[in-house]
> 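Mind having a look at this structure? Questions to follow.
Because the structure is a prediction, the values reported are computed rather than measured.
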Amino acid sequence: MLPFQEQIIADLLEDPNGGVVVLSSGLPIHSLVASLLLLHHPSQGSLLILSASDSQKSSISRSLLRLLQNANPNPNPILPTDIPGDVLSHHRTALYASGASFFVTPRILIADLLTSRVPPSSIAGILILNAHRLTDTSTEAFIARILRSLSRNAYVRALTDRPHAMVSGFSKAERIMKCLYVRRLHIWPRFHVLVSGDLEQSPPEVVDIRVPMTPAMRGIQQAVLETMDACLKELRRTNKVDVEDLTVENGLFKSFDEVVRRQLDPIWHTLGKKTKQLVSDLRTLRKLLDYLVRYDAVTYLKYLDTLRVSEGVRSVWIFAESSYKIFELAKKRVYQVLRADGVRIIADKKNNVVKRKRVNENSLIKDMENGGLQLENSSLSNKMDNAKMEANVGIVLEEVLEEAPKWKVLRELLEEIEVERRKEDSLKEEQNFADNGGENNDIVLVVCKDERSCLQLEDCIIKNSHQVMRQQWEKYLFGKAELHSLQKRNKKRSQDPKGYGVLDGAVASGSCENSDPSTISKLENDALLAAASEISHLAKEEFAVRDESQPLAGRRGSAKRRGRGRSQKVTIKARDSGNNRKKSAGKDQTVKASSEATEPEARTAVQENDLIDSCIGNTDKSFLQRHSHDSGSSESSDARPIPPVQFYALEKDEHILDIWKPSVIIVFHPDMTFVREIEVYKAENPSVNLKVYFIFYDNSTEVQKFEASIRRENGAFESLIRQKSLLMIPVDQDGRCIGPTALCEPSSVVPQNSLTRKAGGRKTMEKEMQVIVDMREFMSSLPNVLHQKGMKIIPVTLEVGDYVLSPFICVERKSVGDLYQSFASGRLYHQVETMIRYYKIPVLLIEFSQDRSFSFQSSSDLGDDVSPTSIISKLSLLILHFPRLRLVWSRSVHATAEIFASLKANQDEPDENKAIRVGVPSEDGTVEDDVRAENYNTTAIEFLRRLPGVTDSNYRALMDGCKSLAELALLPVERLAELMGGQKPAKMFREFLDAKCPTMP
């Protein structure tokens, strides 16, 4: 454990009330929590850890296990365990009283605190991780308030390593400290004297490698930055956002979206479609910059093609002047379309090809389907081209397949590392040095941003970079062919006679189906389809040759396979209306048949993450991929050996340096957090000879983003230091934090018109308000706010409703997002139906967020007619179907608490036992308090109310006058008129029952 970590622990233990610790990103929070757990003794009580993710739990357990083994080797160490929600209540009470350490979710703990299942004296304190996510209304703040009221000796300690999130908003750090009832704020940035002294005492050897970008990559990056700057200028003109935050540098981070949306959410319903689209376009452009330096050229082009189809109609950035360069340069990184005489086909910005002849699509597709792709030797095709050059000028699809410059550098770097290691080993053998076998490891750790990059780099090492690009290119071509065949089938289907709309299954095609499948011209698309057909044809032939060669001799089979590897040329036969023959020849290429190439991938409009994941191939691999490569692999014979390689994806957020203990780390995608982890690992293991290579693209946004992240974190710590000097935390006479304004006390204001005759105006004792809350509702902030308002919260499991305010009032709460989902799934209809069955006043509460607009849509978007897709139309139909349903609109959770208080006025308090039994069938199958279900068949009642002539005023008389629907059907008209209150409804009912059903011929 480093000295600065010991100082952090000492500062936390100094204050018995606890405190908030803000660390620099990458400093080991898991080690601090493990040290606090090691210092905890069962006699102090149980220690509860809240809001820990799965990766944090595993890291804490590993760190604690390592500390326990170093302090006192024990074959069966006691590690913190989880308290799941399915454990019985009395078992959870025993666990709380055991004095051990547990991981527990806030929802389970707050329910146990409110139901007195947690002995107050048995809790030593709580540890809250990810403190930057806390708010005044969060469940963790609710737990801290309840715990402070039950036990004055329990401490609350919160930790976070996201300093930038602690300064977002107004005085966020101070508000978090108040809601946790703590006074101390501990700030530990990277530039702290103790931290920098410990980490810089034995730094690792660092090699900074700057790789130049290709001209096409530089052009794409410049075009994306220009497009982003143009979108920011358009957003500034709206005068709706703070201009200081609208910079290109801030646009490189994900938090930029949160900053913009936080400013625009209150007025979101007043914004135009263009402004809303600009916010979405900035997020898309940031992904384009990130994917440019992360993924290969073919995947990047596929992503752009998908964006063109899915966002081409409504997007703003696509119509910018610089966006044309993005698509053109991305295409040139993969392929180029040339004429057979060497003249380039130039396309203008409207995708019109200049000086070219149109290829007949029908004849092209016909030749492809009939196997018209002829394979010729290079010498024969050259003779034919020279003989018919003037009469027939074809299309040449020239494959570029630009490889990522980092791939070659990584390969050379691994080979260099292996050469150096072998030299060191030979030198040690000459000098007879014995290896102490301790600290150093032969593993080379390669760190990437995501799992897909790890898998692709592994393929580059196992095979070679050109082969990986060939596989991606084949997948891209097969996707084009599959998409074309799908559109062709839809076109043939649309020529069939249609019925009446959707009655015969015909659905109108949208803009995505009518859009061009790619950003290229028609001629280029034909060439791509031809190349895809050629590869498919060669793959089938290769499989056929392979099957035939299996029973033959080994020499004969190997000769055939060698023959398949020769360079071949592709000629595409196409005929136009004048019967002039043309040729479209592909570039000389070696076609590789693989099982992966037979799986077509094509989608017209997919999400960004689905598109990237679809290129992985096998996504269930572990995020750690180890590969040991030697000269006997699939590489060429002149390839030099490389050391054992271990791949790690940063998105998994696992602390693996202490597990693998590498001696060489190659940071393929630099990340500030991982850099700090490397520094801590080297400081904890000073005897390890660690060498770190950073691979950057020179003059790229990758470098700019890395440097900006360091500046942004330093600025956040400077802001926190200023806030700490101005903190005003109220305390009581014992020096304990009072916390936020005490709203849990009921109002004690005496009415001014109190009469002296009533005990001298003395206020009578008010009864405490009670609200029965469903256990699932503790995921929201409303129970916390209700408790602040002085209401007693009773957590139970309810079958009907979310909140029970009185014996007659039941509330079903829906947020805006949950409302849309409930309508889509049909769950809301069933929930309202059950509330109306058991309660006299069913209420549907629609709760909006406080920082967002109090509106579903702007007034200009409201239509005059009922639309099945409109949320307003769905609500109107729901109210028409259930007239007794009450609809309540709430601006925020605080407004909901005020509404609940007004609804509970002059109402009796709800009964907990009755609320639990509502809707739950007993052993004999009956449901208590279901008046309709006890005496009547509810299904038959619903059927009766929908019959002609039956209204809300006469259906009860019909139920009293007969026992079943069969008996009702036999009643005469006179009796029906007596029960239904008139001859007209009785005659209408009888005519409906006596009507003849049409028979089928």
Side-chain angles (χ1 to χ4, degrees), residues 212-235 248-249 251-252 256 274 277-337 344-353 400-405 469 472-473 476 479-480 512 515-521 524-525 528 604-609 611-612 615 697 699-702 704-705:
M213 301 173 68
T214 62
M217 293 178 67
R218 290 196 299 269
I220 293 175
Q221 176 180 278
Q222 183 63 28
V224 174
L225 291 176
E226 292 176 359
T227 308
M228 182 180 291
D229 187 56
C231 292
L232 290 174
K233 289 180 180 178
E234 288 292 331
L235 198 58
V248 176
E249 182 175 294
L252 300 177
F256 179 77
K274 183 178 180 180
Q277 187 60 40
L278 283 172
V279 178
S280 177
D281 288 349
L282 289 173
R283 179 170 58 252
T284 303
L285 291 172
R286 187 188 66 246
K287 290 182 179 179
L288 287 178
L289 284 175
D290 190 17
Y291 294 167
L292 176 64
V293 297
R294 193 192 304 184
Y295 298 132
D296 59 272
V298 179
T299 304
Y300 193 75
L301 178 61
K302 185 189 297 185
Y303 178 63
L304 283 175
D305 287 345
T306 307
L307 288 180
R308 189 62 175 266
V309 175
S310 60
E311 299 185 1
V313 178
R314 63 180 184 274
S315 181
V316 179
W317 72 271
I318 288 183
F319 299 98
E321 184 177 358
S322 302
S323 64
Y324 173 75
K325 300 178 183 178
I326 301 174
F327 292 92
E328 287 299 315
L329 292 175
K331 181 186 66 176
K332 292 178 181 178
R333 295 179 65 197
V334 181
Y335 66 90
Q336 289 184 358
V337 178
R344 294 185 58 186
I345 298 178
I346 304 174
D348 60 4
K349 294 185 179 181
K350 296 181 180 179
N351 289 334
N352 296 326
V353 178
V400 179
L401 299 183
E402 179 182 282
E403 301 173 4
M469 291 300 297
Q472 294 295 331
W473 171 241
Y476 178 77
K480 291 290 182 183
C512 293
S515 302
D516 192 46
S518 113
T519 64
I520 60 178
S521 65
E524 296 174 357
N525 191 43
L528 289 173
T604 56
V606 295
Q607 299 296 330
E608 294 87 349
N609 294 334
L611 169 65
I612 299 302
C615 304
Y697 279 117
N699 297 325
S700 66
T701 55
E702 185 180 37
Q704 184 180 359
K705 184 177 180 180

> Verify side chain to side chain contact (heavy atoms under 4.5 Å, CB included) between Asp296 and Leu401, making sure each step is shown before the conclusion.
CA-CA 9 Å; Asp296 59 272; Leu401 299 183; over 6 Å; no
> What verdict does the side chain to side chain contact (heavy atoms under 4.5 Å, CB included) test give for Trp317 and Leu278, after you've listed the backbone C-alpha separation in whole Å, the side-chain angles of each residue and the deciding distance to 0.1 Å?
CA-CA 8 Å; Trp317 72 271; Leu278 283 172; over 6 Å; no
> About how many Å separate NZ of Lys274 and CD of Glu234, when rounded to the nearest 0.5 Å?
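Separation between the atoms: 4.0 Å.
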> Any chance you could measure Arg286, atom CZ, to Lys705, atom NZ, to the nearest 0.5 Å?
7.0 Å
> Specify the closest pair of heavy atoms between Asn699 and Gln221, including all atoms of both residues, with the distance to one decimal.
O-NE2, 3.1 Å
> Looking at Lys233 and Asp229, does any basic side-chain N land under 4.0 Å from a carboxylate oxygen?
yes
> Hey, could you give me the CZ/CD1 distance between Arg308 and Ile318, rounded to the nearest 0.5 Å?
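Nearest 0.5 Å value for the CZ-CD1 distance: 6.0 Å.
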> How would you list, by chain and number, every residue that makes a side-chain contact (heavy atoms from CB on, under 4.5 Å) with Glu403, sequence neighbours excluded?
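Counting only residues at least two positions away or on another chain, Glu403 forms a side-chain contact (heavy atoms from CB on, under 4.5 Å) with Trp407, Ser465, His466, Met469.
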> Mind checking what makes salt bridge (charged side-chain N to carboxylate O under 4.0 Å, His left out) contact with Asp281, not counting sequence neighbours?
none
> Any idea which heavy atoms bring Thr284 and Tyr303 closest together, and the distance?
CG2-OH, 4.4 Å
> Taking Thr701 as the fixed residue, which of Leu225, Asp290, Val224 is the one that meets the side-chain contact (heavy atoms from CB on, under 4.5 Å) rule?
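With Thr701 as partner, side-chain contact (heavy atoms from CB on, under 4.5 Å) holds for just one option, Leu225.
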> In terms of ring plane angle, is the pair Tyr291 and Tyr295 parallel, tilted or perpendicular, where the classes change at 30° and 60°?
tilted
> Heavy atoms only: give me the nearest Thr227-Ser323 pair and the separation to one decimal.
OG1-N, 3.8 Å
> About how many Å separate CZ of Arg294 and OG1 of Thr299, when rounded to the nearest 0.5 Å?
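Between Thr299 OG1 and Arg294 CZ, I get 12.0 Å after rounding to 0.5 Å.
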> What are the two closest heavy atoms between Tyr300 and Arg333, and how far apart are they?
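In terms of heavy atoms, the two residues are closest at CD2-NH1, 4.3 Å.
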> What's the shortest heavy-atom distance between Cys231 and Leu285, and which atoms?
SG-CD1, 4.0 Å
> List the atom of Pro405, the atom of Thr214, and the distance in Å for their closest heavy-atom pair.
CG-CG2, 3.7 Å
> Please identify each residue that fulfils salt bridge (charged side-chain N to carboxylate O under 4.0 Å, His left out) with Glu226, with sequence neighbours left out.
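Applying salt bridge (charged side-chain N to carboxylate O under 4.0 Å, His left out) to Glu226 gives none.
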> When rounded to the nearest 0.5 angstrom, what is the spacing between OH in Tyr697 and CG in Leu292?
8.0 Å
> To the nearest 0.5 Å, what is the distance between CD1 on Ile220 and NZ on Lys332?
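If I round to the nearest 0.5 Å, the distance is 10.5 Å.
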> Can you tell whether the side chains of Lys331 and Glu328 come within less than 4.0 Å, N to carboxylate O?
yes
